[in-house]
Protein chains: 2
Amino acid sequence: MSRKRLQHGDQNGPPTVRTVAALAGVSIASASRVLNGLGASAETERKVREAAASVGYVPNAVARSLQARRTDMLALAVEDIGNPVYVAMMRAIEEVAARAGYRLQVHATGADPAGEVELIDGLARRYVDGLVISPIRVTAAHLTALARVPTPVVVVGSLPDDAPTGARPVDNVRADSHTGVALAVAHLVAGGRRRIAFVNGPLDTVPGAARHAGYLAALAANGLIADPALIETGDFHHAAGREATRRLLDRERPDAILCANDLIAVGALHALLAAGKRVPEDVALVGMDDTDLAEMSFPQLSSVSLGSAERGRIAAELLLRRLAEPTRPAQRVTVAPELKIRASSAHAIAAVPAPRIGETP
Amino acid sequence: MSRKRLQHGDQNGPPTVRTVAALAGVSIASASRVLNGLGASAETERKVREAAASVGYVPNAVARSLQARRTDMLALAVEDIGNPVYVAMMRAIEEVAARAGYRLQVHATGADPAGEVELIDGLARRYVDGLVISPIRVTAAHLTALARVPTPVVVVGSLPDDAPTGARPVDNVRADSHTGVALAVAHLVAGGRRRIAFVNGPLDTVPGAARHAGYLAALAANGLIADPALIETGDFHHAAGREATRRLLDRERPDAILCANDLIAVGALHALLAAGKRVPEDVALVGMDDTDLAEMSFPQLSSVSLGSAERGRIAAELLLRRLAEPTRPAQRVTVAPELKIRASSAHAIAAVPAPRIGETP
DNA sequence: CTGAAAGCGCTAACAA
DNA sequence: TTGTTAGCGCTTTCAG
């Protein structure tokens, strides 16, 4: 009586529809129907429910996914899942996803372009229904990968205008760093500041480049000349902000510092306070991203909100919407920036003579 | 020639092993073997690879999971994926998971016990291979759910000693708040502080209760009497810390404040500075968890590291290990706390007379 | 080394 | 309403 392999009847592992059906004395189709709330006679219904309860039946999500060709899972890929900006984004996405019955998978890419491309290509394995990705640098490889992606993707961050558009539309949600920087500069100028330094992150990143351009444009718009000596570049972190600010202070006497994000701004604040500067009396300080850090520092940090949570929420909604309507035209949403004025820049000073375009210093 | 339904041959959707096999003129078994790097003749190998490449074949992860009975996915469930403590934990877990070829799914439970239990029970759907959960409150329902869970689970946070042990061993990694608080108190006492206030989170949470008990024990161990007026309770957030500290200052003259986490401590710092207190000269301040916030505040915050990243790392490793050895006995790992002394408490003051146990004030 | 076929657990089309 | 059966796409015996 030895059998070559386990047969259906052998009840090992967890109960399946088969187990339930057998126990209830009905077909697996009937069992499945009842379990999915489809029509069945009262009697069948009762028997199946009873059987299911008695063995503690729980449907297998993987099998269901295979059949349904959907995983009810979304993925989020960002450089660093510990960065406050991405944390805010992730939180918003998780919330939207959970509310819609989707689970969220997170990937830390470490800003490795190859890894990001691999991830995008990996979507072909269909282990998630959609992806939100926020690449800090966008390479040609990203673009070609996006153009051939078989799964809905939303890119958070700016994409080149001439990006090749693939068979599948890619939605895009952006921050408006350019306007954001303009708001900050206008505010500082209004407060009487003229020597407005800028501590930025790497220029070869999407946000770094946008903020740099915005800074130059904003100065010009306010009739100020850009002094290269007032510009420092590091990475987007705290320590870099501190060091850049130290270098700046060794050399210059800025009356305001605009930082490309809050992490940098917090570092700058340390350097300023450690150097005995009063904030905002001596030097006004403005960050960007308006993360939780802004209101946790002392003095509280003015910051330009680029709507990270908002961008996350919108990205998730666009993704869900595209899941429902795969062919609708690609959307591009830009979230408006908002300047949050707090103590670090609230203090206006008397305007001091400062070089303006067209004047000789 | 009308067929009732789509047959195998109809090539819609993405290419499958079938497509590849047909194209290569071999059986699907051979195709699968080649694709999985198993033995095959050079000729078969070539034909299959060529066919796969020509159609851009990518294996379907869900189908593979169904067959393999594993998803290569882990889940993490915490109250709030934006809390710095959990962010540190998540980051560590994601890293360990990714390195081992697992993806990570995150769930924000909002500290809802029912939702957490549902999540644990949901593991029976087998959409993940394992779960790390850090419930802030542990109810009886948690315990029974854990006892019947069909999937490896690691609990981060203390479990009652008499927790019912189910068929499947549940690993557990804990912080040692008790010792952590003791380190902080001893440090403050050594700095000459005697009126050491304590701003805590809710007492009905695992960390809240442990830290409260630790505080009382530490005072006693240092010969100080506990003054209920020096104890404040709120939630674990920034605003609560600020308000609690204000109430405290309205009423008392603490020379040190110990906070149950860094978020609270940052709030306390605001209240202190706003009240014109010098930190640490007038009031020393110590937080807990040693999050990124600690070194970002000014003055930098002394904080008791409870090893959140470390706990995450260990939890992930325990989970991976259990995946490999499902029956090994349940492990309990406790991570040793470490006091990081920074500017907010670095300043020693002359010991002032303060009530000690056995003395009359 | 290769192919036929079973089966992972589930849903759905079709027929009865 | 119910049961039979064919798949979802893949891996894995088991023969040959």
Side-chain angles (χ1 to χ4, degrees), chain A residues 2-22 24-48 52 55 57-72 124-127 129 150, chain B residues 2-22 24-48 52 55 57-72 124-127 129 150:
Chain A
S2 87
R3 283 181 265 179
K4 302 273 182 68
R5 56 163 33 182
L6 255 39
Q7 304 292 347
H8 268 147
D10 295 67
Q11 192 47 62
N12 281 4
T16 73
V17 237
R18 277 198 158 68
T19 325
V20 174
V26 302
S27 72
I28 60 170
S30 289
S32 175
R33 280 187 210 105
V34 171
L35 266 9
N36 287 294
L38 301 182
S41 72
E43 175 62 2
T44 304
E45 177 105 21
R46 189 189 56 71
K47 286 191 294 187
V48 171
V55 293
Y57 171 78
V58 176
N60 180 306
V62 176
R64 191 175 280 194
S65 283
L66 178 59
Q67 145 72 29
R69 291 128 177 252
R70 62 204 304 265
T71 61
D72 292 317
R125 310 182 90 95
R126 291 162 187 285
Y127 58 94
D129 295 339
Chain B
S2 88
R3 283 182 265 176
K4 302 273 184 68
R5 55 162 36 181
L6 255 39
Q7 303 294 347
H8 268 146
D10 295 67
Q11 192 47 65
N12 281 4
T16 72
V17 237
R18 278 198 158 69
T19 324
V20 175
V26 301
S27 71
I28 60 171
S30 289
S32 175
R33 281 187 209 106
V34 170
L35 265 9
N36 287 294
L38 301 180
S41 72
E43 176 61 0
T44 304
E45 176 105 22
R46 188 191 56 72
K47 286 190 295 187
V48 171
V55 294
Y57 171 78
V58 176
N60 179 306
V62 176
R64 192 175 278 194
S65 282
L66 178 60
Q67 148 71 31
R69 289 127 178 260
R70 59 205 304 268
T71 61
D72 293 317
R125 310 182 91 94
R126 294 167 185 285
Y127 57 96
D129 295 340

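What you see below is based on every heavy atom in this structure, not just the backbone, and it leaves out hydrogens, waters and symmetry mates.
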Inset, instruction - For B/Arg64 and D/dT11, give me the distance from atom CZ to atom P, rounded to whole Å. - result: 4 Å
Inset, instruction - Please tell me which of the listed nucleotides, C/dT11, D/dT12, C/dT2, lies nearest to the side chain of A/Asn36? - result: C/dT11
Legend entry - Selection from D/dT2, D/dG9, C/dC10 that lies nearest to any side-chain heavy atom of A/Thr44: D/dT2
Inset, instruction - Let me know the distance between CD1 of B/Ile28 and P of D/dC8, rounded to the nearest Å. - result: 11 Å
Legend entry - Separation of C/dT11 C1' from A/Arg70 CZ (nearest whole Å): 14 Å
Inset, instruction - For A/Val62, report the nucleic acid contact type (base, sugar-phosphate, nothing); a contact means any heavy atom under 4.0 Å. - result: nothing
Inset, instruction - Quick one: label B/Ser41 by what it contacts on the DNA or RNA (base, sugar-phosphate, nothing), any heavy atom closer than 4.0 Å. - result: sugar-phosphate
Legend entry - Student check: side-chain heavy atoms of A/Thr16 and A/Asn60 closer than 4.5 Å: no
Inset, instruction - Would you mind reading off the distance between B/Leu66 atom CG and D/dT12 atom P, rounded to a whole angstrom? - result: 13 Å
Legend entry - B/Arg69, nearest nucleotide to its side chain (from C/dC8, D/dT11, C/dC10): C/dC8
Legend entry - Nucleotide of C/dC10, D/dG3, C/dT11 approaching A/Ser30 most closely (side-chain heavy atoms): D/dG3
Inset, instruction - Give the C-alpha distance, both sets of side-chain angles, the deciding distance and a yes or no for side chain to side chain contact (heavy atoms under 4.5 Å, CB included) between A/Arg64 and A/Asn36. - result: CA-CA 11 Å; A/Arg64 191 175 280 194; A/Asn36 287 294; 3.7 Å; yes
Legend entry - Taking every non-hydrogen atom, the tightest pair across A/Val62 and B/Ser65: CG1-CB, 3.7 Å
Inset, instruction - Assign B/Ala29 to base, sugar-phosphate, or nothing according to its heavy-atom contacts below 4.0 angstrom with the strands shown. - result: base
Inset, instruction - When you get a sec, tell me which of C/dT2, C/dA4, C/dC10 is the closest nucleotide to the side chain of A/Tyr57? - result: C/dC10
Legend entry - Among D/dG3, D/dT12, D/dC10, the nucleotide that comes nearest once only the side chain of A/Ser27 is considered: D/dG3
Legend entry - Interatomic distance, B/Asn60 CG vs C/dC10 P [rounded to whole Å]: 17 Å
Inset, instruction - Quickly work out the A/Arg18 CZ to D/dT5 C1' distance and round it to whole Å. - result: 11 Å
Inset, instruction - Calculate the interatomic distance between B/Leu38 atom CG and D/dT13 atom P; express it in whole Å. - result: 11 Å
Inset, instruction - Using heavy atoms to find the nearest nucleotide of DNA chain D for B/Arg33 and B/Pro59 separately, return the residue whose nucleotide is more 5′. - result: B/Pro59
Inset, instruction - List for me each residue that meets side chain to side chain contact (heavy atoms under 4.5 Å, CB included) alongside B/Ala22, sequence neighbours excluded, and say none if there are none. - result: none
Inset, instruction - Classify the side chain of A/Gln67 versus the base of C/dG9 as yes if they form a donor-acceptor pair under 3.5 Å and no if they do not. - result: no
Legend entry - Euclidean distance, A/Thr71 OG1 relative to A/Leu66 CG, rounded to 0.5 Å: 12.0 Å
Legend entry - Length of the CD-P vector between B/Glu43 and C/dT2, whole Å: 9 Å
